[in-house]
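Below is one structure, written out as structure tokens; comments come after it.
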There are 2 protein chains.
Amino acid sequence: MALNPQKPALDPAYLEKLQDYYAEHKVIPSYSVLATLWGISAKSWVAECVKRFEEAGYLDWTPDRQLKPGARFFERRLADSTVQAGLPNPAISEGYDLVTIDDYLVRVPSRTSLVRVKGDSMIDAGIHEGDLLVVEQQPNANVGDIVVAIVDNEFTVKYLDRERGNFVLKPANKAYPVIRPRGRLEIFGVMAGLVRRVR
Amino acid sequence: MALNPQKPALDPAYLEKLQDYYAEHKVIPSYSVLATLWGISAKSWVAECVKRFEEAGYLDWTPDRQLKPGARFFERRLADSTVQAGLPNPAISEGYDLVTIDDYLVRVPSRTSLVRVKGDSMIDAGIHEGDLLVVEQQPNANVGDIVVAIVDNEFTVKYLDRERGNFVLKPANKAYPVIRPRGRLEIFGVMAGLVRRVR
DNA sequence: TTGACAACAGAACAGTCGTTCGGTAGCTTA
DNA sequence: TAAGCTACCGAACGACTGTTCTGTTGTCAA
């Protein structure tokens, strides 16, 4: 049966408990806390398990030898629409590492804001009321970008376009008019992503 | 000048350095590492600064007295569409704490997958090609839910509906037909959120 | 029935942790 | 010019950390 002599078993239940702990506290606990978390009473055995998770890429060390989440720790199963033939447990097959959704969406934390969308003026761009817009704050943008602009002391989300040398804001909904600002157009930032929660 | 006698100064540069460190390692370092990170040579002074960040809500402790990020540590500025009159620096006004986008979207990490959307069959529900669907894996769902089902060994995203006692999958695009599965409908999970990255 | 291995327990230990306390230098305020 | 505060430094200490090493128990194959 020793087909894979290199791989010692590693308990997925342990990983889940650690991930739950991390989700709550955003920190990897010490070995003794891990011990009680895992229901183990010997630190030495905790160390052994940690080493396995480390070798599997779920845990890692900082330069100062502090335990930290590894590359695969945040791995969420990313499943592709097209799945190969025999799928006993569909999503398991493709283990693609996409770290955090935050990391996926936010490139420059200090310049990134979230703006809650009101109204349906951008519905044809798939932007619905209540969605959260990930906005990178910057004073200018390119034609074609979806921008968050400040018009009459309110935020509006629109496509940026140009008409006879002037910037205009175009909605993605025929029911709304194009906004042609008199004077300078004040841009708050450009859309870098979108987050929607359902239910 | 002692108008606010209660508030000792806390250095925002320290916080930024900590946040950068955390962004890289996903862990709060020890006092001695913090000391070198902040360019301080006395641990006692690090302890003092940490206490201030703790009192301000940026740091916190686990039940086991390990240092961890506090509620405001991940704070991203969430700006509302309607902003009051005088807006010199629009987004600053509303400091709303929404922790991580991950926390916002995923409730049960172990049962949550991400599915990349192919095709435009759900475009009227604001689900575009290339979007990432946050899916909570579960074998059944309610009518009206957007579900990820397995049909002919492929994932499909559709509305779940019922027709004459049988479950059917309805697209949100008139160009696509309703799917009426013969036999059992295999549900992979229900949509809990949506993530889109632009550019 | 022996041996090998995996899954643990427990003790011992040096290094590191965070805390406490006593100190100093510079700036205000009175 | 003395008193008081803030921003730091440095040493000492006990508690806790992760490591190592030596068992013990159960399972499975030969």
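By convention in this document, chain letters (A, B, ...) are assigned in the order of the sequence lines, proteins followed by strands, and residues within each chain are numbered from 1. Heavy atoms only: backbone and side chains are in, while hydrogens, waters and symmetry mates are out.
- When rounded to the nearest whole Å, the span between CH2 of Trp38(B) and P of dC8(D) equals 12 Å.
- Checked for salt-bridge contact, Lys26(A) and Asp103(B) meet the test: a charged N lies under 4.0 Å from a carboxylate O.
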Could you please spell out the steps behind the salt bridge (charged side-chain N to carboxylate O under 4.0 Å, His left out) verdict for Glu55(B) and Lys51(B)? CA-CA 6 Å; Glu55(B) 277 160 10; Lys51(B) 203 172 69 180; 5.2 Å; no
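- One can place CG of Asp11(B) at 16 Å from P of dT6(D), the figure rounded to the nearest angstrom.
- Inspection of the Lys158(A) and Ser121(A) side chains reveals an N or O donor paired with an N or O acceptor under 3.5 Å.
- Under 4.0 angstrom from either OP1 or OP2 of dT20(C) there lies no side-chain N or O belonging to Ser44(B).
- Under 4.0 angstrom from either OP1 or OP2 of dC8(C) there lies no side-chain N or O belonging to Ser41(A).
- Interatomic distance, OH of Tyr22(A) versus CZ of Phe74(A), reported as 4.0 Å (0.5 Å rounding).
- Atom-to-atom, OH of Tyr14(B) to C1' of dC8(D) comes out at 9 Å; the value is rounded to the nearest Å.
- In this structure, Glu129(B) does not pair ionically with Lys118(B), as no charged nitrogen and carboxylate oxygen lie closer than 4.0 Å.
- One atom, CD of Gln66(B), and another, C1' of dT16(C), lie 14 Å apart when rounded to the nearest Å.
- Counting only heavy atoms from C-beta on, Ile40(B) has its side chain closest to dC9(D) among dA9(C), dG18(D), dC9(D).
- Comparing dA9(C), dA7(D), dA7(C) by their closest approach to the side chain of Ala42(A) singles out dA9(C).
- Out of dG18(D), dT19(D), dG18(C), the shortest distance to the side chain of Ser30(B) is found at dG18(C).
- Rounded to whole Å, atom P of dA7(C) lies 8 Å from atom CD of Glu48(A).
- The nearest whole Å value for the distance from the CG atom in Leu34(B) to the P atom in dC17(C) is 11 Å.
- The interatomic distance linking Trp45(A) (CH2) with dC8(C) (C1') rounds to 6 Å, in whole Å.
- In this model, the phosphate group of dT17(D) is not approached by any side-chain N or O of Arg65(B) to a distance below 4.0 Å at OP1 or OP2.
- Taking 4.0 angstrom as the limit, Tyr31(B) places none of its side-chain polar atoms (N or O) nearer than this to OP1 or OP2 of dT16(C).
- Per the geometry, CD1 belonging to Ile28(A) stands 12 Å off P belonging to dG18(D), to the nearest Å.
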